[in-house]
S.K.: 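To start, I am sharing the structure in question, which I have written as structure tokens.
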Amino acid sequence: WFSGSGNSKYVASRIAESISHRQEVTLLYMADLLRDGKMEFDLEPDGSVGFIFPTYFWGVPWIVREFVSKLVLRGLGQKGVVYQVLTCGGSTGMADKMFARLLLKRGYRVDYTYSVSMPDNYCILLDLMTPKDQIAPILSQAQEKLSRIIPSIISSCVEKSGHSEELLIDRGSHPKLKTSLLYPLYRFGRRTGPFHADSKCIGCGKCEKVCPMGMIKMDGGIPKWEKGRCTHCLACIHHCPVESLQYGKKTQGRLRYILEPEKFFK
């Protein structure tokens, strides 16, 4: 799994918890695997692998692309199952097809695809953040969607008894057009230059710890971003306890969002 503000992490945890009652499950964070160079896995011929990640600009996050480009799955047989679950702020566009092509280049197929709409956290572009009063209803709908997705995953991955034909992914309207026009804006626009800490920064270093690509280093108690292109998950911005991190002037005064299950789910 990969997650910036907790949406996909929560979905991955829910799925793993539900499956773990029937078979052994291991949850792995893509960023940790990339950092540690642990990209090769030995699987049972009838095992299952799930990929859970958010959609960025109706496409695949850069860190997920990097992960797949180095991935080796040994032993997965014809009876094995590969599925993907995409979280999104409304619809996925053609992100699922994009991921399937990336995986196919490595010699692996995608058998089943799902999506879950979650609160949007991209506070850079046009203030797409989900308003506070809409977060709880969206998460409630996500719970309902997961209640349909999880039995389907169990049926196909654990019981090997087939798969529901119910449409469990929402690509939205004009998905090909959205992905083809907007994903290049993300792919080539992941600059770190505009990131900075304002005067509220307390030098806690949390941004350095949560950055999945290791792009942040503390320098004299102030975070500094390495030059280049990050995955733009905005984990640094959303996890800052004093909302001091900004992306130019675009994020000033805008909401922050972290999914804390104990806060939203009783």
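Everything numeric here is computed off the predicted structure, so don't read it as measured data.
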S.K.: Would a hydrophobic clustering, with Ile, Leu, Val, Met, Phe, Trp and Tyr connected at side-chain separations under 4.5 Å, put L86 with M94?
M.R.: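 Cluster IDs for L86 and M94 differ.
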
S.K.: Should Q143 and R14 be marked as a side-chain contact (heavy atoms from CB on, under 4.5 Å) after you check the CA-CA gap, both sets of side-chain angles, and the distance that decides it?
M.R.: CA-CA 10 Å; Q143 290 277 63; R14 276 287 313 278; 2.5 Å; yes

S.K.: Can you tell if the side chain of Y114 reaches within under 4.5 Å of the side chain of I169, non-hydrogen atoms only?
M.R.: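 A side-chain contact under 4.5 Å is absent here.
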
S.K.: Check for me, please, whether I202 and I222 land in the same ILVMFWY cluster - side-chain distances under 4.5 Å, paths through other members count.
M.R.: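 Looking at the clustering, I222 is in a separate group from I202.
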
S.K.: At what distance, to the nearest 0.5 angstrom, does CZ of R35 lie from CE of M30?
M.R.: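 Result: 15.0 Å between the selected atoms.
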
S.K.: Answer yes or no: are there more than 12 heavy-atom neighbours, outside E44 itself, under 6.0 Å from its atom CD?
M.R.: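 Counting other residues, nucleotides and ligands, CD of E44 stays at 12 neighbours or fewer.
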
S.K.: Taking F99 as the starting point, is it possible to reach V72 by hopping between hydrophobic residues whose side chains are less than 4.5 Å apart?
M.R.: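 Yes: a chain of side-chain contacts under 4.5 Å links V72 to F99.
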
S.K.: Look at atom NZ of K200 and say whether more than 12 heavy atoms of other residues, nucleotides or ligands are closer to it than 6.0 Å.
M.R.: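 Enclosed.
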
S.K.: Check whether any side-chain heavy atom of N7 sits under 4.5 Å from a side-chain heavy atom of Y257, and report yes or no.
M.R.: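 Yes - at least one pair of side-chain heavy atoms lies under 4.5 Å apart.
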
S.K.: Distance only, no hydrogens: is a donor on one side chain within 3.5 Å (strictly under) of an acceptor on the other, for S152 and Y112?
M.R.: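 On atom types as modelled, these side chains do not qualify, holding no pair under 3.5 Å.
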
S.K.: Please step through side-chain contact (heavy atoms from CB on, under 4.5 Å) for the pair T26 and F41, ending with a clear verdict.
M.R.: CA-CA 12 Å; T26 302; F41 303 92; over 6 Å; no

S.K.: Any donor-acceptor pair under 3.5 Å linking the side chain of Y183 with the backbone of V60?
M.R.: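 Pair found, side chain donor or acceptor close to backbone of V60.
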
S.K.: Please determine whether side-chain contact (heavy atoms from CB on, under 4.5 Å) holds for the pair F51 and V82, giving the CA-CA distance in whole Å, both sets of side-chain angles, and the decisive distance to 0.1 Å.
M.R.: CA-CA 8 Å; F51 298 90; V82 178; 3.7 Å; yes

S.K.: Do any N or O atoms from the side chain of S13 and from the backbone of K9 form a donor-acceptor pair under 3.5 angstrom?
M.R.: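 Answer holds: yes.
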
S.K.: Taking the side chain as everything from C-beta on, heavy atoms only, tell me whether Y83 gets closer than 4.5 Å to I149.
M.R.: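 No; the side chains remain at least 4.5 Å from each other.
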
S.K.: Quick check: closest heavy atoms across S244 and C240, and the distance to 0.1 Å?
M.R.: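 Heavy-atom minimum between the residues: N-SG, 3.1 Å.
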
S.K.: May I ask you to test the Y10-L146 pair for a side-chain heavy-atom distance under 4.5 Å?
M.R.: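 In short, these two side chains touch, coming nearer than 4.5 Å.
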
S.K.: Is it true that F67 and F53 have ring centroids separated by less than 6.0 Å?
M.R.: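 Ring centroids of F67 and F53 are no less than 6.0 Å from each other.
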
S.K.: Would you find a donor on one side and an acceptor on the other, under 3.5 Å apart, between the side chain of H239 and the backbone of I237?
M.R.: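 Checking the backbone N and O of I237 against the side chain of H239, no donor-acceptor pair under 3.5 Å is found.
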
S.K.: Between R74 and E40 (side chain of the first, backbone of the second, donor and acceptor by atom type, cut-off under 3.5 Å), is there such a pair?
M.R.: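 Answer holds: no.
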
S.K.: How long is the gap from CD1 on I216 to CD on E226, to the nearest 0.5 Å?
M.R.: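 With rounding to 0.5 Å, CD1 (I216) is 9.5 Å from CD (E226).
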
S.K.: Are the side chains of C233 and I63 in touch, meaning some heavy atoms are under 4.5 Å apart?
M.R.: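 Heavy-atom side-chain distance check fails, nothing below 4.5 Å.
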
S.K.: Measuring from C157:SG to I154:CD1, what's the distance to the nearest 0.5 Å?
M.R.: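 Going from SG on C157 over to CD1 on I154, the span is 9.5 Å.
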
S.K.: Return the minimal non-hydrogen interatomic distance between G90 and S117, and the atom names on each side.
M.R.: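 Distance-wise, the nearest heavy atoms are O-OG, 3.2 Å.
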
S.K.: So do the side chains of C236 and P223 get within less than 4.5 Å of each other, counting heavy atoms only?
M.R.: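 They are not in contact (no side-chain heavy atoms under 4.5 Å apart), so the answer is no.
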
S.K.: Minimum heavy-atom separation for Q246 to T251, with atom names?
M.R.: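 Residues Q246 and T251, closest heavy atoms: OE1-OG1, 2.7 Å.
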
S.K.: Using every non-hydrogen atom in the two residues, find where Q252 and G248 come nearest and quote the distance to one decimal.
M.R.: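 In terms of heavy atoms, the two residues are closest at NE2-O, 3.9 Å.
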
S.K.: State yes or no: do V64 and M213 share one hydrophobic cluster built from I, L, V, M, F, W and Y residues joined by side-chain heavy-atom distances below 4.5 Å, directly or via other members?
M.R.: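 Shared cluster, yes.
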
S.K.: First locate atom CG of L34, then atom CD of E66, and finally report the distance between them rounded to the nearest 0.5 Å.
M.R.: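 The distance works out to 7.0 Å.
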
S.K.: With a 3.5 Å distance limit and no angle check, can you tell me whether R229 reaches the backbone of F188 through a side-chain donor-acceptor pair?
M.R.: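 Flag set: sc R229 to bb F188 pair under 3.5 Å.
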
S.K.: With heavy-atom distances below 4.5 Å as the criterion, would you say the side chains of M118 and V116 are in contact?
M.R.: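 Yes, their side chains come closer than 4.5 Å.
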
S.K.: With rounding to the nearest 0.5 angstrom, report the NE2 to OG distance, H174 to S180.
M.R.: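 Answer rounded to 0.5 Å: 11.5 Å.
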
S.K.: Ignoring hydrogens and angles, tell me if any N or O in the side chain of T130 forms a donor-acceptor pair with the backbone of I135 under 3.5 Å.
M.R.: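 It does not hold such a pair.
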
S.K.: Is there side-chain contact between F195 and L234, with at least one heavy-atom pair below 4.5 Å?
M.R.: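 F195 reaches L234 side chain to side chain.
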
S.K.: Return the CE to NZ distance between M218 and K224, rounded to the nearest 0.5 Å.
M.R.: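 M218 CE to K224 NZ: 9.5 Å, rounded to 0.5 Å.
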
S.K.: Can any side-chain N or O of D170 pair as donor or acceptor with the backbone N or O of S91 at less than 3.5 Å?
M.R.: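 Such a contact is absent between D170 side chain and S91 backbone.
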
S.K.: I'd like to know whether NZ of K178 has more than 12 heavy-atom contacts from other residues, nucleotides or ligands below 6.0 angstrom.
M.R.: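 Yes, the 6.0 Å shell around NZ holds more than 12 heavy atoms from other groups.
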
S.K.: Check D96, T179, T113 against R171 for a side chain to side chain donor-acceptor pair (under 3.5 Å) and give me the one that passes.
M.R.: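 Of all the options given, the one that passes is D96.
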
S.K.: Give me the one residue out of Y56, Y247, F57 that meets ring-ring contact (aromatic ring centres under 6.0 Å, His included) with H232.
M.R.: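 Passing option: Y247.
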
S.K.: Taking the six-membered ring of W62 as reference, does the cationic atom of R190 (NZ for Lys, CZ for Arg) lie under 6.0 Å from its centre and within 45° of its axis?
M.R.: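 Yes, R190 lies over the aromatic ring of W62.
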
S.K.: Hey, quick one: are L28 and L76 part of the same hydrophobic cluster, counting side-chain heavy atoms closer than 4.5 Å, chains of contacts allowed?
M.R.: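 Yes: a chain of side-chain contacts under 4.5 Å links L28 to L76.
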
S.K.: Grab the two heavy atoms, one from T231 and one from P212, that are nearest each other, plus how far apart they are.
M.R.: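 So the minimum-distance heavy-atom pair works out to CG2-CG, 4.3 Å.
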
S.K.: Go through the steps for M39 and L33 under the test side-chain contact (heavy atoms from CB on, under 4.5 Å), then give the verdict.
M.R.: CA-CA 6 Å; M39 307 301 301; L33 298 173; 4.1 Å; yes

S.K.: Just by distance, no angles: are the side chains of T92 and T55 close enough, under 3.5 Å, to form a donor-acceptor pair?
M.R.: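 Looking only at side-chain atoms, T55 and T92 do not form any donor-acceptor pair under 3.5 Å.
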
S.K.: For T87, which of S115, S8, S3 qualifies under side chain to side chain donor-acceptor pair (under 3.5 Å)?
M.R.: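 That would be S8; it is the only one of S115, S8, S3 passing the side chain to side chain donor-acceptor pair (under 3.5 Å) with T87.
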
S.K.: Provide the closest heavy-atom pair for L168 versus R148 in the form atom of the first, atom of the second, distance.
M.R.: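 Looking at all heavy atoms of both residues, the closest pair is CD2-NH1, 3.7 Å.
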
